[in-house]
Amino acid sequence: MAEKLDGEIVNADAFQLYRGLEIVSAAPSEEEFAQAPHHLYGVLEATESADAQRYVNLAQPVIAEIQTRGKTPIITGGSGLYLKFLTHGAAPLPTADAALRAEMDARPLEDLVAELQRLDPLEAARTALQNRRFVSRALEICLLSGRKASDLRDQWEAKTAGISSQLRGLVIQRSRADLHARIAQRTRAMLDGGALEEVAALPDVSANCEKAIGFREIRALLAGEIGRATCAELINAATRQYAKRQETWFRREKWLVPNPA
RNA sequence: GGCCCGAUAGCUCAGUCGGUAGAGCAGUGGAUUGAAAAUUCACGUGUCGGCGGUUCAAAUCCGUCUCGGGCCA
């Protein structure tokens, strides 16, 4: 399979700190992946904010361009949500509104829950009401669209129901021991490979970029708040947790084939 | 050598007046269509360092040993 794919990698990450040291979490073969061109153009600057639609807008021209050269774009995760936007498209929902969001952030969660339950009881019942983000997003959809979030969601789910059967993809699953060893190796490579300099040189970054794993930890290291060993361990732990969340997400995507021969 | 402090979950520690122990982190599983490398939910049996003693009952009190750390010599 590997030798048949003349591929180029498009990564589903909005920000690529540590350029050239991307996670190799899915690839036809490790050698091929390492040799394939990684598409870093179209990537957001650290000061820019990101969202799933923005990622799709950046990735699609890159994918099209690879295809015009007769090559296979290999889309890798990254974020399961971003990949799903790419494969299934965006639902016709209102885009986040900064002012409304700031207003909601200032309100107590119970307040948001109560309003959502009043405006759209069905969506409230489907939402994890302890999760502030999910509650405020659902409420935001209702307020901005003037419609019920549950209706819009149902429409979109009905419309995209058949898409998965037309997709092809694979998931590389590793044993936890192997995965954790590779994560530790990657962290080492990052710290030794210029990540400190890269973070030190970054300006005030966007809230999205600030959350990239390693960013805060390296800032703390540079500020002398933690030592290098602690920094590495914190990055390792955060990456392990992220990898586990990726596994959970992709396990649910039934069209993805785990560990094909 | 003497004295003091510590030893409890993988790690850091809490544990009241004795009633066989629980937080944070780590870990595991889940949710997740415009913040997602984010956010969020669930999951806690472990020789309470060892041995002996007191007691109806000991992580807790007493003795002793081991291992850390500190102070005095």
Side-chain angles (χ1 to χ4, degrees), chain A residues 11-18 21-23 25 43-44 46 48-59 76-98 100-102 104-105 109 112-113 123 125-138 140-141 144-145 149-150 152-161 163-164 175-177 179-180 183-184 186-187 190 195 199 205-218 229-230 233-253:
Chain A
N11 204 283
D13 286 306
F15 295 100
Q16 307 211 358
L17 292 173
Y18 331 120
L21 291 167
E22 278 308 303
I23 301 182
S25 56
V43 158
L44 294 169
E48 293 181 280
S49 59
D51 64 55
Q53 184 56 55
R54 198 130 190 236
Y55 161 72
V56 172
N57 294 342
L58 291 168
T76 71
S79 157
L81 180 72
Y82 283 20
L83 282 172
K84 190 142 191 198
F85 262 67
L86 197 57
T87 54
H88 291 66
L93 301 175
T95 303
D97 179 84
L100 176 58
R101 217 165 245 194
M104 287 193 296
D105 284 349
L109 177 59
L112 301 177
V113 168
E123 187 65 10
R126 291 167 173 176
T127 303
L129 297 176
Q130 317 89 324
N131 193 330
R132 188 180 188 95
R133 282 204 176 186
F134 290 2
V135 171
S136 60
R137 174 60 184 156
E140 176 180 75
I141 291 168
L144 292 176
S145 70
S150 53
L152 296 168
R153 174 198 290 275
D154 288 346
Q155 280 174 25
W156 179 77
E157 281 180 359
K159 197 181 118 197
T160 58
I163 290 181
S164 292
S175 72
R176 279 296 152 86
L179 179 66
H180 291 180
I183 286 169
R186 184 181 96 108
T187 300
M190 276 170 22
V199 170
V205 300
S206 67
N208 298 290
C209 183
E210 200 169 44
K211 285 171 188 142
I213 291 172
F215 181 84
R216 226 165 247 179
E217 294 85 347
I218 290 173
T230 303
E233 191 34 55
L234 290 173
I235 292 174
N236 282 337
T239 308
R240 275 185 244 125
Q241 291 164 346
Y242 176 46
K244 196 163 84 64
R245 271 179 273 132
Q246 287 179 314
E247 286 192 349
T248 302
W249 183 291
F250 292 125
R251 208 176 281 146
R252 215 167 53 133
E253 295 292 316

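Just so we're on the same page: letters track the sequence lines, and every chain starts at 1.
Rounding to whole angstrom units, CD of residue A:Gln130 and P of B:G30 are separated by 18 Å. For the pair A:Tyr242 OH and B:A35 C1', the computed distance is 14 Å after rounding to whole Å. Put simply, CE on A:Met104 is 12 Å from P on B:G34, counting in whole angstrom units. Look at CD1 on A:Ile183: it is 14 Å from P on B:A37, rounded to the nearest Å. For the pair A:Asn131 CG and B:G30 P, the interatomic distance rounds to 17 Å; values are reported in whole Å. When rounded to the nearest whole Å, the span between CD of A:Glu253 and P of B:A31 equals 11 Å. The distance from atom CZ of A:Arg132 to atom C1' of B:A35 is 13 Å, rounded to the nearest whole Å. The interatomic distance linking A:Leu129 (CG) with B:C41 (P) rounds to 11 Å, in whole Å.
Between the A:Arg240 side chain and the A:Ile183 main chain, no donor and acceptor come within less than 3.5 Å of each other. Checked by atom type and distance alone, the side chain of A:Ser206 pairs as donor or acceptor with a backbone atom of A:Cys209 at under 3.5 Å. For the pair A:Glu217 (side chain) and A:Gly214 (backbone), a donor-acceptor distance under 3.5 Å is present. Listed for the A:Arg132 side chain is a donor-acceptor partner under 3.5 Å among the backbone atoms of A:Asp105.
Closest approach of A:Ile213 and A:Tyr242 over heavy atoms only: CD1-CB, 3.6 Å. The minimum heavy-atom distance linking A:Ala243 with A:Leu179 is given by the pair CB-CD2, 3.9 Å.
Rounded to the nearest Å, the gap between the P atom of B:G22 and that of B:U55 is 29 Å. For the P atoms, the distance from B:U40 to B:C25 is 11 Å, rounded to whole Å. When the C1' atom is compared between B:U47 and B:A9, the two are found 13 Å apart, to the nearest whole Å. Taking the C1' atom of each, B:G68 and B:U8 are spaced 16 Å apart, rounded to whole Å. Rounded to a whole angstrom, the distance from the P atom of B:G50 to that of B:A7 is 13 Å. Taking the P atom of each, B:C43 and B:A23 are spaced 11 Å apart, rounded to whole Å. Rounded to a whole angstrom, the distance from the C1' atom of B:U54 to that of B:U64 is 15 Å. For the P atoms, the distance linking B:G53 with B:A58 amounts to 12 Å, nearest Å.
Checking the phosphate oxygens (OP1, OP2) of B:A38, a side-chain nitrogen or oxygen of A:Arg245 falls inside 4.0 Å. The side chain of A:Arg133 contributes no N or O atom lying less than 4.0 Å from OP1 or OP2 of B:A36. Distances shorter than 4.0 Å separate some side-chain N or O of A:Arg101 from OP1 or OP2 on B:A35. Listed pair A:Asn208 / B:A38 fails the phosphate criterion, with no side-chain N or O lying under 4.0 Å from OP1 or OP2. Not one side-chain nitrogen or oxygen of A:Thr95 sits closer than 4.0 Å to the OP1 or OP2 atom of B:G34.
In this structure B:G34 sits in the syn conformation; its chi angle is within 90° of 0.
A residue-by-residue look at A:Lys211 and A:Phe85 shows that A:Phe85 has its nearest nucleotide of RNA chain B further toward the 5' end.
Taking a pair to require two hydrogen-bonding distances under 3.5 Å in either a Watson-Crick or a G-U wobble arrangement, B:C25 pairs with B:G10. Base pairing of B:G1: its partner is B:C72, meeting the Watson-Crick or G-U wobble criterion (both donor-acceptor distances under 3.5 Å). Base pairing annotation: B:G52 forms a Watson-Crick or G-U wobble pair with B:C62, both donor-acceptor distances under 3.5 Å. Pairing of B:U45, defined by two Watson-Crick or G-U wobble distances under 3.5 Å, is not identified with any nucleotide. When both distances must be under 3.5 Å, the Watson-Crick or G-U wobble mate of B:A38 does not exist.
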Where do N or O atoms of nucleotides 27-29 of chain B meet protein N or O atoms at under 3.5 Å, pair by pair?
residue, atom, partner, partner atom, Å
B:G27, OP1, A:Arg240, NH1, 2.7
B:G27, OP2, A:Gln241, NE2, 2.8
B:U28, OP1, A:Arg176, NH1, 2.5
B:U28, O5', A:Arg176, NH1, 3.4
B:G29, OP2, A:Arg176, NH1, 3.0
B:G29, OP2, A:Arg176, NH2, 3.1
B:G29, N7, A:Lys244, NZ, 2.7

Check nucleotides 9-12 of chain B for protein N or O atoms closer than 3.5 Å to its own N or O atoms and list the pairs.
none

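Atoms OG1 and CG, from A:Thr187 and A:Leu234 in turn, are 10.5 Å apart once rounded to the nearest 0.5 Å. Here the CG-CH2 distance, from A:Leu83 to A:Trp249, works out to 9.0 Å after rounding to the nearest 0.5 Å. Taken from CG in A:Leu93 to CG in A:Leu152, the straight-line distance is 5.5 Å, to the nearest 0.5 Å.
For A:Phe134, taking side-chain heavy atoms from C-beta onward, the closest of the listed nucleotides B:A35, B:A37, B:A31 is B:A31.
Within 4.0 Å (heavy atoms only), A:Ser136 reaches at least one base atom of the nucleic acid. Using a 4.0 Å heavy-atom cutoff across all strands shown, A:Gln53 reaches at least one base atom of the nucleic acid. At a threshold of 4.0 angstrom between heavy atoms, the contacts of A:Ala128 with the nucleic acid are absent.
Taking the side chain as every heavy atom from C-beta outward, A:Glu233 and A:Asn236 approach each other to under 4.5 Å. In this structure, A:Tyr55 and A:Leu81 have side chains that are not in contact, with every pair of non-hydrogen atoms separated by 4.5 Å or more.
Salt bridge annotation for A:Glu140-A:Arg137: present, with a cationic side-chain nitrogen under 4.0 angstrom from a carboxylate oxygen.
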